[in-house]
Amino acid sequence: MRRCLVVGNWKMHGSVSAVTALVAALKNEISFDSHAEVAVCPPFVFISAVAAALADSGIAWGAQTLDEHEKGAFTGEISAAMLADLGCRYVIVGHSERRSLYAEDDSRVAAKFMAAQASGLIPILCVGENLQQREEGQALDIVQRQLTAVIAMAGIEAFNRAVVAYEPVWAIGTGKTATPEQAQQVHAHIRQVLSCADAAVAEQIQILYGGSVNAGNALELFASLDIDGALVGGASLKSDEFTAICKAGG
Ligand code: 13P
């Protein structure tokens, strides 16, 4: 039985005071065992503060990206080992904003996925089509390409310690959520692609949906067979909204 996982991706938002207040509210509202598994992914500079505040809570933390190199002359970058050192459990890789704004291609995403695992982090691998690709009927093919690029490099076994997030680009930050039927179709396809390589791996993996998830649509999305949680952007910055999403998955 897969547990529901709700992850907040704070993107480039917050300040020391805002983050402190948000984490205090979440800690108060989200109890150890009654809800879904919960994690938050702050900007790098706030991870230490979040880690200190959440150390004795049931809420995990992670990062939004990482560099694939172990160490060296990579000015401005952050390695997997550094994130592990801060107690991160998760790291998001291949978010569509990284793919489109920072030109991260499938092979770079796969390298980041492997670097994360080499330091004991759980990568949350994001896949998803843009609006044009959906309108041209290519959604399943695009997602399959993004997924198989990582399977080819990391191997199917690696997916025993990974999470996949389906985030249709047209639903991110737009208020347009995929319908539960649209999301379920892609999630089932993701599980099918993994299953072709290893049925047991496919059965246990958590596949999250992301794209305008909020307190009003979470329950309906989570009711779908292959939707095992959510990767939440905007709504994860509001404690009451995020808590309600976590409760929907509890
Ligand atoms: P929104 O929930 O703001 O649409 O963002 C989704 C997302 O990109 C999470 O990673």
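Positions are given from 1 along the sequence. Heavy atoms only: backbone and side chains are in, while hydrogens, waters and symmetry mates are out. Both ligands and their constituent atoms are indexed starting at 1 by order of listing.
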Q: Passes side chain to side chain contact (heavy atoms under 4.5 Å, CB included), Ile205 versus Val163? Steps please.
A: CA-CA 6 Å; Ile205 196 165; Val163 171; 5.6 Å; no
Q: Determine whether Arg134 and Glu129 satisfy the following criterion, salt bridge (Lys or Arg N to Asp or Glu O under 4.0 Å), listing intermediate values before the conclusion.
A: CA-CA 6 Å; Arg134 169 148 292 262; Glu129 81 287 359; 2.7 Å; yes
Q: Quick one: do Lys247 and Asp240 satisfy salt bridge (Lys or Arg N to Asp or Glu O under 4.0 Å)? Show the steps, please.
A: CA-CA 10 Å; Lys247 288 187 178 164; Asp240 51 347; over 6 Å; no
Q: Which atoms of ligand 1 sit under 4.0 Å from any heavy atom of Gly211?
A: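 So the answer, numbered in order with elements, is 4 (O), 6 (C).
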Q: Using a 4.0 Å cutoff against the non-hydrogen atoms of Leu231, which atoms of ligand 1 qualify?
A: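 So the atoms of ligand 1 that pass are 9 (C), 10 (O).
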Q: What protein heavy atom sits nearest atom 2 (O) of ligand 1, and how far away is it?
A: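 Going atom by atom, the protein heavy atom closest to atom 2 (O) of ligand 1 ends up being Gly233 N, 2.9 Å.
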Q: Under 4.0 Å from a heavy atom of Ala171: which atoms of ligand 1 are those, numbered in the order shown and with their elements?
A: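 Listed by number with element: 4 (O).
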Q: Between Asp105 and Arg99, does any side-chain N to carboxylate O distance fall below 4.0 Å?
A: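 Looking at Asp105 and Arg99, the cut-off is not met.
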Q: Is there a heavy atom of Gly173 sitting under 4.0 angstrom from any atom of ligand 1?
A: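 Yes, Gly173 has a heavy atom closer than 4.0 Å to ligand 1.
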Q: Does Glu203 come within less than 4.0 Å of Arg191, counting only side-chain N to carboxylate O?
A: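 The answer is no: the pair does not qualify as a salt bridge.
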Q: Nearest to atom 7 (C) of ligand 1, what protein heavy atom do you find, and at what distance?
A: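 So the nearest neighbour among protein heavy atoms is Glu167 OE2, 3.2 Å.
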Q: Who's the nearest protein heavy-atom neighbour of atom 3 (O) of ligand 1, and how far?
A: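 Answer, as residue, atom name and distance: Gly234 N, 2.8 Å.
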Q: Please determine if Thr174 has a nitrogen or oxygen closer than 3.5 Å to a nitrogen or oxygen of ligand 1.
A: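 Between Thr174 and ligand 1, no N or O pair is found under 3.5 Å apart.
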Q: Has the side chain of Gln117 got a donor or acceptor atom that lies under 3.5 Å from a matching backbone atom of Ala158?
A: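 It does hold such a pair.
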Q: Hey, is Ser212 one of the residues with a heavy atom under 4.0 angstrom from ligand 1?
A: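 The answer is yes, since Ser212 has a heavy atom less than 4.0 Å from ligand 1.
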Q: Over 60° means perpendicular and under 30° means parallel, so tell me whether His187 and Tyr209 are parallel, tilted or perpendicular.
A: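 Tilted, since the angle between the ring planes falls between 30° and 60°.
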Q: Taking the non-hydrogen atoms of Ser236, is any one of them nearer than 4.0 angstrom to ligand 1?
A: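 Contact absent.
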Q: Could you walk me through whether Asp56 and Lys27 pass the salt bridge (Lys or Arg N to Asp or Glu O under 4.0 Å) test, one step at a time?
A: CA-CA 9 Å; Asp56 56 350; Lys27 217 174 140 177; 3.1 Å; yes
Q: Give the atoms of ligand 1, by number and element, whose distance to some non-hydrogen atom of Asn9 is under 4.0 Å.
A: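 Those atoms are 9 (C), 10 (O).
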